[in-house]
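Beneath this line is the structure, given in structure tokens, with notes to follow.
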Amino acid sequence: MSWSETTQKDLPQDATAPPQARRWLVLAVLSTSLLLCGIDLTVLHVAVPSMTEDLRPTAVQLLWVVDIYSLTLAALLVTCGTLGDRIGRKRMVLSGFAVFGAASAGAAFSASTTQLIIARVALGVGAAMIMASTVAIIRVVFTDERERALAIGIWTSAHSVGATVGPLLGGLVTASWGWGAVFLINVPIVLVILVVGTRVIPESKNSEPRTWDITSVALSITGLAGVVYALKQAGDHIGVDGAILVTGIGGALLLAAFIRRQGRLSQPLLDFSLFANRRFSTATICVISCFGSYVALLFFLTQWLQQVGKYTPLAAGLALMPLAGANAMGATLAPWVANRMGNRGALVGGLSLFAVALAVLAVSGDSAHYGYMVGPVLCAGFGAGIIMTLGADSIMGAADPERSGEAAAIQETSFELGAGLGVAVLGTVLAATYRVTLPQVPGLSPEDQQAAGGSIGAAEQLIGDLTPATARQLWASAQHAYDVGFTAVVSIAAVILACTAVLAAVLLRPRVRT
């Protein structure tokens with residue numbers, strides 16, 4: 001987003017805001033953009049088995065395909081916001097749509113895993129360009145404070161709605177036209193938005209833009225890439241690998257240098273001094289922990305239902321609707337819950353409910369008996385909805401009004417970073433658990449055994465070339481290993497959420513005045 005406060009210096013270049021009748025059309029265009037960004041965060045989840053059958057990615061490549069979008073988006077949000085202040089926000093948004101549309105077409109027609117990963121990176125770049133400047137455009141268009149608050153609320157909810165309906169939409173499209181169509185549906189929508197947006201979105205700049213520090217940009221992107229690369233590769237190796245360890249440590253050092261540099265700059269790319277506020281830092285941790293666990297649950301639950309439970313993509317998408325509906329209900333009722341329990345009590349209660357739901361799912365979840373899972377899934381979605389809403393509100397409320405721009409930057413980055421790290425960390429756990437748990441299958445050559453240990457999709461690819469008895473045993477072993485991996489992922493997520501709940505309970509206590 002464009003993170004600076006909109007003042008007189010941010011007025012459109014033609015010195016007039018769009019006519020009052022057009023401001024809601026501008027909001028519709030911008031909300032649709034965020035809806036698309038949210039859909040692309042989760043739409044691929046139910047299409048992964050079909051995509052795996054065609055492209056045959058390794059377990060690590062599969063994590064990159066799913067995860068690189070949100071990580072790229074998180075890494076570039078603040079950078080694109082600062083750049084949009086300088087070159088013009090309308091130009092930044094429309095350019096982002098062009099990149100997003102072209103990347104969607106490239107992803108739809110990818111013939112290899114590498115091509116798909118590159119296209120997903122481009123999608124993340126386009127989404128960052130879109131999201132980075134839209135809130136500043138809303139502030140320019142909606143001059144009335146009450147209307148502006150309503151507009152930002154509608155705009156923000158569009159991302160959650162997109163992420164929620166993504167799996168169902170992906171299941172419907174994959175069942176009808178194949179996995180590539182989940183990206184292709186973006187193209188006509190983007191074309192319409194480009195035509196309408198060119199006519200209705202006003203151009204605006206910041207006459208005193210913040211310094212665009214290329215060194216900070218390079219440190220943040222390369223550092224995050226190094227850490228995430230090491231995390232993902234760790235799941236594909238047994239034991240300690242020197243190159244992976246060096247890459248991870250190097251990435252962490254670059255991120256430390258980035259944070260240190262921000263403290264020295266008069267106009268930092270990301271203002272970490274906000275984290276000195278205990279309420280702000282605790283709320284940010286809650287958002288990262290919750291959204292990371294929620295997006296990871298969406299992804300791995302769809303894979304588990306399809307790979308172990310043999311659900312169709314459409315059935316898997318429908319199976320996630322209780323989770324999505326409960327999440328929307330939790331987000332809607334979060335203010336009421338906070339009024340009854342207090343903000344601290346509601347956050348701790350939401351985290352605890354989410355953690356307990358995942359623990360129950362780990363113990364009693366059975367893909368063959370969906371009815372047993374409905375209760376934990378509903379509780380998980382409801383708790384997550386409360387945390388996302390109140391966590392975001394706490395982040396903004398903890399910052400001074402004149403620093404709401406920087407707070408908004410951290411808020412949006414924490415959501416996207418949580419999504420990326422959640423899938424990266426828990427995906428590595430699942431890949432490693434699956435590889436270690438998969439037993440030696442009699443009649444399987446060492447080469448095929450190694451290939452089957454790469455992912456359950458790779459094991460499925462081998463079945464057609466094996467004898468019926470070996471094929472049955474391999475598939476049963478692969479399903480069991482994946483089931484164990486899913487249980488490990490859900491259990492670890494439950495522990496992370498429980499620790500976050502304890503942290504929130506301790507750190508959000510009001511200070512005792514003497």
Side-chain angles (χ1 to χ4, degrees), residues 37-38 40-46 48 59-60 62-75 77 120 124 127 159-160 162-164 166-167 224-225 227-235 248 251 255 283-304 320 323-324 327 350-351 354-355 357-359 361-362 377 380-381 383-388 391-392 410-433 485-501 503-504:
C37 294
D40 257 63
L41 184 65
T42 58
V43 71
L44 187 60
H45 290 184
V46 295
V48 163
V60 173
L62 180 59
L63 288 179
W64 280 116
V65 168
V66 173
D67 216 16
I68 195 65
Y69 170 79
S70 56
L71 290 171
T72 303
L73 178 53
L77 263 173
R120 292 281 283 172
H159 187 271
S160 298
T164 297
L224 183 62
V227 170
V228 174
Y229 175 84
L231 284 172
K232 292 182 183 295
Q233 292 295 326
L255 288 178
T284 303
I285 293 172
C286 290
V287 166
I288 292 175
S289 172
C290 170
F291 201 61
S293 298
Y294 181 74
V295 172
L297 178 63
L298 279 174
F299 174 58
F300 295 117
L301 188 57
T302 55
Q303 308 318 301
W304 183 62
L320 292 180
L323 178 67
N327 182 260
L351 287 163
F354 196 0
L358 291 185
L361 188 62
V377 163
I386 291 175
I387 305 159
M388 291 177 202
I410 295 174
Q411 173 193 311
E412 285 299 321
T413 302
S414 65
F415 272 100
E416 301 301 333
L417 192 60
L421 291 179
V423 175
V425 174
L426 297 177
T428 297
V429 170
L430 192 149
T433 304
F486 176 78
T487 301
V489 162
V490 174
S491 301
I492 291 174
V495 171
I496 292 172
L497 289 166
C499 293
T500 307
L503 188 72

* For Ala324 against Tyr294, the heavy-atom pair lying closest together -> CA-OH, 4.0 Å
* Looking only at heavy atoms, what is the nearest atom pair of Leu71 and Leu421, with distance? -> CD2-N, 4.1 Å
* Taking it one step at a time, do Arg120 and Leu44 satisfy side-chain contact (heavy atoms from CB on, under 4.5 Å)? -> CA-CA 11 Å; Arg120 292 281 283 172; Leu44 187 60; 4.3 Å; yes
* **Nearest heavy atoms of Ile68 and Thr72, plus distance in Å** => O-OG1, 2.7 Å
* Structure fact -> Minimal heavy-atom distance between Val228 and Ala424, with the atoms involved, is CG1-CB, 4.3 Å
* side chain to side chain contact (heavy atoms under 4.5 Å, CB included) against Ala504, all qualifying residues, sequence neighbours excluded -> Thr282, Cys286, Val348, Leu351, Leu508
* **Residues that Phe415 engages under ring-ring contact (aromatic ring centres under 6.0 Å, His included), provided they are two or more places apart** => Phe291
* Asked: How would you list, by chain and number, every residue that makes a ring-ring contact (aromatic ring centres under 6.0 Å, His included) with Phe486, sequence neighbours excluded?
  -> Trp304
* Asked: Excluding sequence neighbours, so at least two apart, what forms side chain to side chain contact (heavy atoms under 4.5 Å, CB included) with Thr433?
  -> Val429, Thr437, Val484, Ala488
* Asked: In chain order, what residues pass the side chain to side chain contact (heavy atoms under 4.5 Å, CB included) check against Ser289, with sequence neighbours excluded?
  -> Ile496, Leu497, Thr500
* side chain to side chain contact (heavy atoms under 4.5 Å, CB included) partners for Ser70, two or more places apart -> Leu41, Asp67, Glu416, Ala419
* Flag, side chain of Tyr69 to backbone of Cys37, donor-acceptor distance under 3.5 Å -> yes
* So do Val495 and Cys499 actually touch side chain to side chain, heavy atoms under 4.5 Å? -> yes
* In sequence, state the C-alpha distance, the side-chain angles, and the governing distance for Leu224 and Leu417, and then conclude on side-chain contact (heavy atoms from CB on, under 4.5 Å). => CA-CA 10 Å; Leu224 183 62; Leu417 192 60; 3.9 Å; yes
* To do: Write down the atom of Gly248, the atom of Val227, and the distance for their closest heavy-atom approach.
  => O-CG2, 4.0 Å
